[in-house]
Amino acid sequence: RARPTSWLYRAKKFVARNKLVAGAATAAVLSLVIGAGVAGWQAHEARIDQRRAEQVKAFLASIFVDIDPNYGQGARVPASAILLKASSRIDNEFGADPRLALEVATLVSNGLVETNESKAGREVIEAALKRYESRLSSSDPQLLRARGSELRAHAAQRAYRPRGSA
């Protein structure tokens, strides 16, 4: 006795008779699914980057607010003093995110080197590398930038000789 055809039977017959159309439809659906997945992943990465940017922005704003107004009896506060104070807060504020902590430490270290505080810059970046290097991949771009900053601080410290030293 014959029974009605099932949807699966009909689908198989349709695909067998229309291979090109079925292949194109499958490719289109697959492209949409992959595209949606990539868009979702990029949106997630963008939210992470936005959170990091907001953290750094808040950190930068706070280092200027935290400066003692009586520093030097009303004299200007040197950039190196601001950077040194900032360096002491990196672990507390960014320690949970080793990549971001290393990025901020690299910026602070570079700033210290630029303000002729090479030794302090070297100490900041070496301490950050010691704390965070093991938590990142050896090929991580931020880790590589931090190592470059360490080399730069070492070179600047060797190049700078205070007056009166031999």
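Because the structure is a prediction, the values reported are computed rather than measured.
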Co-membership, hydrophobic cluster, residues F59 and L107, 4.5 Å side-chain
no
Separation of R122 CZ from R158 CZ (nearest 0.5 Å)
9.5 Å
Please round to the nearest 0.5 Å and tell me the distance separating atom CD of E117 and atom NZ of K119.
10.0 Å
Closest non-hydrogen atom pair, S109 against G121:
OG-O, 2.7 Å
Heavy-atom nearest pair, V113 first then S118, reads CG2-CA, 4.2 Å
List the atom of V124, the atom of A105, and the distance in Å for their closest heavy-atom pair.
CG1-O, 3.8 Å
Give the minimum heavy-atom separation between L144 and S139, together with the two atoms involved.
CD1-O, 3.9 Å
Would the distance check show the side chain of T106 and the main-chain N or O of L102 forming a donor-acceptor pair, the cut-off being under 3.5 Å?
yes
Does E103 come within less than 4.0 Å of R99, counting only side-chain N to carboxylate O?
no
Check: R145 main-chain N/O paired with S149 side-chain donor or acceptor under 3.5 Å
no
In Å and rounded to the nearest 0.5 Å, what is the NZ to CD1 distance from K85 to I63?
10.5 Å
L60 with L100, same ILVMFWY side-chain cluster at under 4.5 Å:
yes
Does a side-chain heavy-atom distance below 4.5 Å link R51 with D97?
yes
Got more than 12 heavy atoms from elsewhere within 6.0 Å of CG, L8?
yes
Side-chain donor/acceptor of S87 to backbone N/O of L84, under 3.5 Å:
yes
Smallest heavy-atom separation, Y132 atom then G95 atom, equals OH-CA, 3.6 Å
Just verifying a value: how many Å separate E93 CD and S88 OG, rounded to the nearest 0.5 Å?
9.0 Å
Out of curiosity, does V104 fall in the hydrophobic cluster containing L112 (side-chain heavy atoms, cut-off under 4.5 Å, transitive links)?
yes
Considering all heavy atoms of both residues, which atom of P98 and which atom of A96 are nearest to each other, and what is their separation?
CD-O, 3.5 Å
Does F94 belong to the same Ile/Leu/Val/Met/Phe/Trp/Tyr cluster as I125, with side-chain heavy atoms less than 4.5 Å apart forming each link?
no
CG/L143 to CZ/R135 distance, rounded to the nearest 0.5 angstrom?
12.5 Å
About how many Å separate OH of Y9 and NZ of K12, when rounded to the nearest 0.5 Å?
10.5 Å
V38-L30 co-clustered via ILVMFWY side chain contacts under 4.5 Å
yes
Side-chain heavy-atom pair E123, Q157 within 4.5 angstrom cut-off
no
